[in-house]
Amino acid sequence: MQNRFLALFSLAFLFTGFAPIHAQRLPADVHPVHYTLHITPDLKAATFTGSETIDVTLDHPSATITLNALELKISSVKAAGQTATVSYDEPNQQATFTFAQPLPAGKAALAIEYTGILNDKLRGFYLSKTAKRNYAVTQFESTDARRAFPSFDEPAMKATFDLSLTIDKGDIVIANTNMLSDKPAANGMHTQTFATTQKMSTYLLAFQVGDWVCSSGEADGTPIRSCSTPDKIALTPFALHAAEHFLHYYNRYFGVKYAMPKLDMIGIPDFEAGAMENWGCITYRETALLVDDSAPLSAKKVVAVDVAHEMAHQWFGDLVTMQWWNNLWLNEGFATWMEYKAVDDWQPTWGMREDAALSLNTTLNMDAAPTTRAIRSKADTPAEIEEQFDGISYGKAGAVIGMVEHYLGEKVFERGVHNYMEAHKFGNATAEDFWSAQTAASGKPVDKIMGSFVAEQGEPLLTFTAAGAGSYSVSQGRFYLSPPATVAAQSWTVPVCIRGGSCQVVSGAGTVTVPAAGAFANTDARGYYRSNYDDASLHTLLASAAALKAPERISLVGDRYALLRSGQGSVGSYLDLTAALRSDPNAQVLEQITDGLTAIRDRVATGDLREQLKAWERKQFAPVYEQLGPAKAGEPVTLAQRRANLFQLLGDADDPGVLAESKAIAAKYLDGDRTTEPLLQQQAIKLAAAHGDVALYDQLQHMAETSDNPTVQNGALQTLSNFDTPALVTRTLDYVTNSGKVRNQNSWQLLVPLLQRPETRPQTWAYIKNNWDKVHAQLTVASGKRIVTATGFFCSAEDRADVQQFFATHPVEASERGLRDALGLIDSCTKFRAQQQPSLQQWLATAAH
């Protein structure tokens, strides 16, 4: 599942009002073999009826069988000529069937009749709505197949499925496999029956009911479709072309042919995550699938990356599935790493390696908190499983996998993946199975490397000190953005790859050979660690930074900012580095610089000091922007990205020329003129909104409500959070909570930015507290976690106490870890400001002359 929209961030048992739920595993003595499942949804009444037969094998005679069921009313259970009584254990989401006489060991068939609801929770079998009609769609990961049918809803309990649905006239079903028949049924309905699936986990079953329309293609003999509601069919071809490329790429890479008879992708109006890898029937948010040729590159990247991610899961996750949810990180980390690789193969000019380096810096900063978890952690209950879907399982795990591939070499790593796939296809596997395959394929200590990074919390800081000609001595310890008072000793087994040299494994302290003084100690920015150097080596490295590859420059800038945050650097030296790189030809290097500048402006600088910093930014970067000149037809996409990044940086620094330009571009756009380069246009509209009036707000709100293009619609909606005027901030907050026009899945896209920005944060937080019942009613599980985590942008002891007290009395589902992280971020920001604000003031006083 792609959580890019969650992102990368269960019931909250820390708080009062929730009783702890203990491990909820099913008994291991009953094994599902095959499901025959028939469902009849009523889209008007938001209900459904179900009839299923589960073929099982019992290890020994038993009078009881326990499986998972939630929000289902089971009316009949029969097996071996007996009718069972049914009892429910709602806290554990289980139902137990009790028979008068024990069922014998061996094969049995459970015939079950039941009813359920098409819920509004965006999970299980649920209702999705447009202005014209209702749809019935599924989202079962992680533990929500049990909301659609009684099942053995655990990943290792794989089975095959025969599926049929009776649906309204004019509707179709898109499911995991191809349709075998379509026959008339009572009351003008019809029944569609589908081919037997491969052996798979319950969370990968899918069936989407509605009036879908599709664009069709194929790759390597496999039919592929990209599908949507009827009004958006013109936006489906881009994802289709991406999927055609990726299916051929993955068939070759994995060395195992795609195992399902077809591949469908469906854009769903209401969808909580970014996308979901149901085998042969991938589901997406509309903005993660549907895009047109005129969209900015950022929107196209979202679609390409999400399609690549979910298609990687068709092998790594679906064909071979984790044994249990504590190894979710292997599924999601692998797909996260692979998405960059696959998109780069398809679109080599898009700068995916640089994007990966940017993402690595973000992940390292997240993982540098004292509250971070180890990659593999406890996941026994649905609540604990839900918390696994975070930046550790996606970003960190993906980066560690990428580091190992870089150390081994692409071909050796690929051979290990192929061996792993062949050994475990159609089954389940553990992380140890994966790294054992890589160890065997390479003859290198992958088991020790991955074992240490999976088990240890946090990340290494490697300090490189020149130790005579041709070597660095290396020491390591855990890196914190804001070090706690007491730091326990930790070490990792780390492959260190030196630019121009070789890869060498360091466990604890050690020595590495280097080709020259001041050599960069993280080739291609693939190592999962922060780097520091002795003064002389750092001076040499910074002086030659322009000779580094773009991902390496991104890594260098990210390391220097992180060390500044941790108290091992000065704000002045970081700003000097950004000034030295202000003309860097790579857009993502500039983006990394901008991230650090924004953090200093928002977290360290206050009052007049903030205005001084903005003036310095204008002085440094305005000439660079002016040198680029206006956009030209056919210019490289990297140049367009660079121009848009500089435009944003200067706009945020209140550059009068850029602000005037943004207002003019926004006016042209709203008048229907689409001739401005899309990336620049996107930034201009955001800047215009920050300084905009009621008339501009009205236009963007109208566009958000009426556009039939998801990218345009969602972009206009999100831009409403850029308005700073207090009256318009209130209007946006009321729009989320009172209008009924903002989908639950999108509520966080307005609330979180308003909490993040210093200009709107106090007003937004006061509103949330004063209108909590209305705000809470708009939140899904995922968006609720995001709201809690966003309070980490506060930056004072008073704010910390307020946040902690409020959520202690207003608990948010699945947010225990998110609150802990937010409080830690507030502590870190408070310390950062106190530590660096005096030196920033002194540096600016000097820099101004």
Side-chain angles (χ1 to χ4, degrees), residues 8-9 12-15 360-378 387 390-392 395-396 399-400 452-463 474-494 508-509 528-532 558-571 574 596 599-600 602-604 788-805 807-808 815-840:
L8 293 174
F9 312 95
F13 307 132
L14 176 65
F15 308 118
L360 175 59
N361 269 324
T362 300
T363 299
L364 285 166
N365 285 342
M366 173 203 65
D367 199 28
T371 55
T372 191
R373 69 174 178 90
I375 285 179
R376 183 156 55 191
S377 59
K378 185 171 177 284
E387 288 189 322
D390 63 5
I392 297 296
K396 181 177 182 177
V400 169
S452 72
F453 277 90
V454 167
E456 291 285 346
Q457 290 178 285
E459 69 205 41
L461 169 64
L462 302 186
T463 301
V474 186
S475 61
Q476 65 168 291
R478 181 170 169 181
F479 178 74
Y480 295 92
L481 281 181
S482 183
T486 303
V487 177
Q490 284 180 254
S491 66
W492 291 256
T493 300
V494 189
Y528 192 80
Y529 51 84
R530 289 295 185 192
S531 304
N532 200 4
D559 281 348
R560 300 322 299 171
Y561 173 75
L563 289 163
L564 162 67
R565 284 291 307 271
S566 71
Q568 300 178 65
S570 70
V571 68
Y574 178 79
I600 293 169
D602 290 352
R603 292 178 163 252
V604 177
V788 172
T789 303
T791 61
F793 280 83
F794 287 114
C795 199
S796 73
E798 295 77 13
D799 287 333
R800 184 192 194 281
D802 188 22
V803 168
Q804 186 172 33
Q805 180 179 4
F807 287 121
S815 66
E816 176 182 359
R817 182 176 293 136
L819 178 60
R820 190 168 65 240
D821 290 345
L823 296 176
L825 287 170
I826 298 172
D827 291 339
S828 177
C829 181
T830 305
K831 182 177 179 180
F832 183 38
R833 178 176 293 175
Q835 187 179 62
Q836 294 295 343
Q837 196 171 72
S839 60
L840 175 62

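The analysis underlying the following values was restricted to heavy atoms, covering all of them including side chains, and did not include hydrogens, waters or symmetry mates.
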Between Asn365 and Ala562, the two heavy atoms sitting closest are OD1-CB, 4.0 Å

Using the side chain to side chain contact (heavy atoms under 4.5 Å, CB included) criterion, which residues pair with Ser475? Sequence neighbours excluded.
Thr463

Can you tell me if Ser566 uses its side chain to pair, donor with acceptor, with the backbone of Leu563 under 3.5 Å?
yes

Interatomic distance, Arg603 atom CZ to Cys795 atom SG [nearest 0.5 angstrom]:
6.0 Å

Among all residues two or more places apart in sequence or in another chain, which pass the salt bridge (Lys or Arg N to Asp or Glu O under 4.0 Å) test with Arg530?
Asp559

How many angstroms lie between CG in Leu819 and OG1 in Thr791, if you round to the nearest 0.5 Å?
6.5 Å

Backbone N/O of Gly818 and side chain of Ser815: donor-acceptor pair under 3.5 Å
no

Heavy-atom closest pair, residues Arg817 and Ser377
NH2-OG, 4.5 Å

Pairing residues for Ser839 by the side chain to side chain contact (heavy atoms under 4.5 Å, CB included) criterion, not counting sequence neighbours:
Val571, Gln836

Taken in chain and number order and not counting sequence neighbours, the residues that satisfy side-chain hydrogen bond (donor to acceptor under 3.5 Å, both in side chains) with Thr493 are Ser507

Using atom types as modelled and distance alone, determine if a side-chain donor or acceptor of Gln476 lies under 3.5 Å from a backbone N or O of Leu462.
no

Residues which pass side-chain hydrogen bond (donor to acceptor under 3.5 Å, both in side chains) with Ser491, listed by chain and number, not counting sequence neighbours:
none

With sequence neighbours excluded, tell me which residues meet ring pair (Phe, Tyr, Trp, His ring centres under 6.0 Å) with Tyr528.
none

With sequence neighbours left out, write down each residue that passes side-chain hydrogen bond (donor to acceptor under 3.5 Å, both in side chains) with Tyr529, or none if nothing qualifies.
none

For Phe479, check ring pair (Phe, Tyr, Trp, His ring centres under 6.0 Å) against everything at least two apart and list the hits.
none

All heavy atoms of Pro484 vs all of Val487, minimum pair found to be O-CG2, 3.8 Å

Of all residues at least two apart in sequence or in a different chain, which pass the side-chain hydrogen bond (donor to acceptor under 3.5 Å, both in side chains) check with Thr830?
none

Worked verdict on Glu459 versus Phe453 for side-chain contact (heavy atoms from CB on, under 4.5 Å):
CA-CA 8 Å; Glu459 69 205 41; Phe453 277 90; over 6 Å; no

So is Arg560 actually on top of Tyr574's ring, under 6.0 Å and inside 45° of the axis?
no

List the steps, then state whether side-chain contact (heavy atoms from CB on, under 4.5 Å) holds for Leu564 with Ile600.
CA-CA 10 Å; Leu564 162 67; Ile600 293 169; 4.1 Å; yes

Heavy atoms of Pro460 and Val494 approach each other most closely as CG-CG2, 4.3 Å

Once rounded to the nearest 0.5 Å, what's the spacing between atom CG of Leu840 and atom CD of Gln835?
13.0 Å

How far does OG1 of Thr789 sit from CE of Met366, to the nearest 0.5 angstrom?
11.5 Å

Write out all pairs satisfying salt bridge (charged side-chain N to carboxylate O under 4.0 Å, His left out) with one or both partners inside residues 824-836, taking only residues at least two apart or from two chains.
Arg800-Asp827

Could you list the residues that satisfy side chain to side chain contact (heavy atoms under 4.5 Å, CB included) with Arg478, not counting sequence neighbours?
Thr372, Gln457, Tyr480, Gln490, Trp492

Quick one: salt bridge (charged side-chain N to carboxylate O under 4.0 Å, His left out) pairs with a partner in residues 361-377, sequence neighbours left out?
Asp367-Lys396, Arg373-Asp390, Arg376-Glu432

